[in-house]
Amino acid sequence: IVTTIENAVAAVAPEHSRQIAPFIGSIWIFLVIANLVGLVPGMHSPTRDLSATAALAILVFLSTHWFGIRIQGLKNYLRHYLTPSPILLPFHLISEVTRTVALAIRLFGNMMSGHLIVALLVSLAGFLVPTPLMALDLLIGLLQAYIFTLLSIVYIGAALRSDERDSTHAKTLESAP
């Protein structure tokens, strides 16, 4: 599991995988446990509550900026919000907020619907009938943990690559006639 997480982080941010992998691994382990707790009768998954998924999304939002500033420096990190044009700053800020909201709602909606369907079938049909759906819910829980952490890796990697994009854009502008 550790090697898989390190390889996933290294694929997006190879130079900084040692710094990012513990954070990503912690999120994945938490999400797997939180998603699978809902399969135990009488227990509720924390990820079926919007406040928990929003807190995780905000944690990813803050860590994206933390790693970006820590690795590139404040000035270089903030510069990518003004490129290619300062007029696009509001759109950059809106995209940051909507990305965080989408991350929270995606996890919440998928986990809530899966647990709700299994709970309804258990209450209507007994414990043996929804067993295949509980197996599907297990798969959905693992898949949602994977998707959430993969998107976190992509968002952090994009924040770290903003400096590379800005320098490439500047070189392109300098070489233009």
Side-chain angles (χ1 to χ4, degrees), residues 1-38 45-84 86 88-112 114 138-172:
I1 293 173
V2 172
T3 305
T4 304
I5 292 170
E6 286 177 347
N7 290 340
V9 172
V12 175
E15 305 87 27
H16 310 291
S17 63
R18 293 272 183 210
Q19 296 169 325
I20 300 167
F23 173 71
I24 296 298
S26 300
I27 285 181
W28 186 81
I29 290 170
F30 175 79
L31 282 173
V32 166
I33 292 169
N35 290 346
L36 298 182
V37 161
S45 173
T47 53
R48 69 177 237 181
D49 183 15
L50 186 57
S51 62
T53 60
L56 287 169
I58 290 170
L59 184 65
V60 170
F61 171 80
L62 294 174
S63 67
T64 299
H65 300 298
W66 167 257
F67 285 118
I69 292 169
R70 186 173 170 202
I71 291 171
Q72 296 178 22
L74 181 63
K75 184 177 179 183
N76 288 335
Y77 179 72
L78 292 178
R79 184 179 312 152
H80 90 275
Y81 285 106
L82 301 175
T83 55
L88 296 176
L89 177 64
F91 297 109
H92 283 289
L93 297 177
I94 290 170
S95 73
E96 293 286 334
V97 172
T98 56
R99 183 173 65 183
T100 305
V101 171
L103 196 61
I105 291 175
R106 179 184 302 115
L107 180 61
F108 165 72
N110 288 327
M111 294 311 301
M112 181 65 176
L138 171 75
L139 178 66
I140 289 171
L142 293 173
L143 184 65
Q144 289 305 315
Y146 173 74
I147 290 171
F148 191 93
T149 53
L150 188 65
L151 288 172
S152 301
I153 293 169
V154 169
Y155 296 158
I156 292 171
L160 298 179
R161 289 191 178 157
S162 65
D163 189 38
E164 296 171 16
R165 285 192 310 262
D166 294 346
S167 63
T168 304
H169 180 70
K171 289 177 185 176
T172 304

Test item: [X] and [Y] side chains (from C-beta on) under 4.5 Å apart, heavy atoms:
{"X": "Val37", "Y": "Thr47", "result": "no"}
{"X": "Asn7", "Y": "Thr3", "result": "yes"}
{"X": "Phe148", "Y": "Thr53", "result": "no"}
{"X": "His80", "Y": "Gln72", "result": "no"}

Nearest-0.5 Å distance that lies between atom [atom1] in [X] and atom [atom2] in [Y]:
{"X": "Leu89", "Y": "Ile94", "atom1": "CG", "atom2": "CD1", "value": "9.5 Å"}
{"X": "Met112", "Y": "Ile105", "atom1": "CE", "atom2": "CD1", "value": "14.0 Å"}
{"X": "Ile147", "Y": "Leu107", "atom1": "CD1", "atom2": "CG", "value": "9.5 Å"}
{"X": "Ile24", "Y": "Ile153", "atom1": "CD1", "atom2": "CD1", "value": "5.0 Å"}
{"X": "Leu103", "Y": "Thr98", "atom1": "CG", "atom2": "OG1", "value": "11.0 Å"}
{"X": "Phe61", "Y": "Ile156", "atom1": "CZ", "atom2": "CD1", "value": "12.5 Å"}

>> Applying the side-chain contact (heavy atoms from CB on, under 4.5 Å) criterion to Leu160, which one of Gln19, His16, Glu15, Arg70 satisfies it?
In response: His16
> In chain order, what residues pass the side chain to side chain contact (heavy atoms under 4.5 Å, CB included) check against Leu62, with sequence neighbours excluded?
Replying inline: Ile58
Which atom pair, heavy atoms only, marks the closest approach of [X] to [Y]?
{"X": "Asn35", "Y": "Ala145", "answer": "ND2-N, 3.8 Å"}
{"X": "Ser17", "Y": "Val9", "answer": "CA-CG1, 3.6 Å"}
{"X": "Ala34", "Y": "Pro46", "answer": "O-CD, 3.4 Å"}
{"X": "Val60", "Y": "Ser63", "answer": "O-OG, 2.9 Å"}

> Counting only N and O atoms by type, is there a donor-acceptor contact under 3.5 Å from the side chain of Ser26 to the main-chain atoms of Pro22?
Replying inline: yes
> Does Leu31 offer a backbone N or O that forms a donor-acceptor pair with the side chain of Gln144 under 3.5 Å?
Replying inline: no
>> Checking Tyr155 now: which residues fulfil ring-ring contact (aromatic ring centres under 6.0 Å, His included) with it, not counting sequence neighbours?
In response: none
> Is there a side chain to side chain contact (heavy atoms under 4.5 Å, CB included) between Val12 and Ile20 once you walk through the steps?
Replying inline: CA-CA 10 Å; Val12 175; Ile20 300 167; over 6 Å; no
>> Apply side chain to side chain contact (heavy atoms under 4.5 Å, CB included) to residues Leu59 and Phe23 and explain how you reach the verdict.
In response: CA-CA 10 Å; Leu59 184 65; Phe23 173 71; 3.9 Å; yes
> Can you say whether the rings of His65 and Tyr77 are parallel (under 30°), tilted (30 to 60°) or perpendicular (over 60°)?
Replying inline: perpendicular
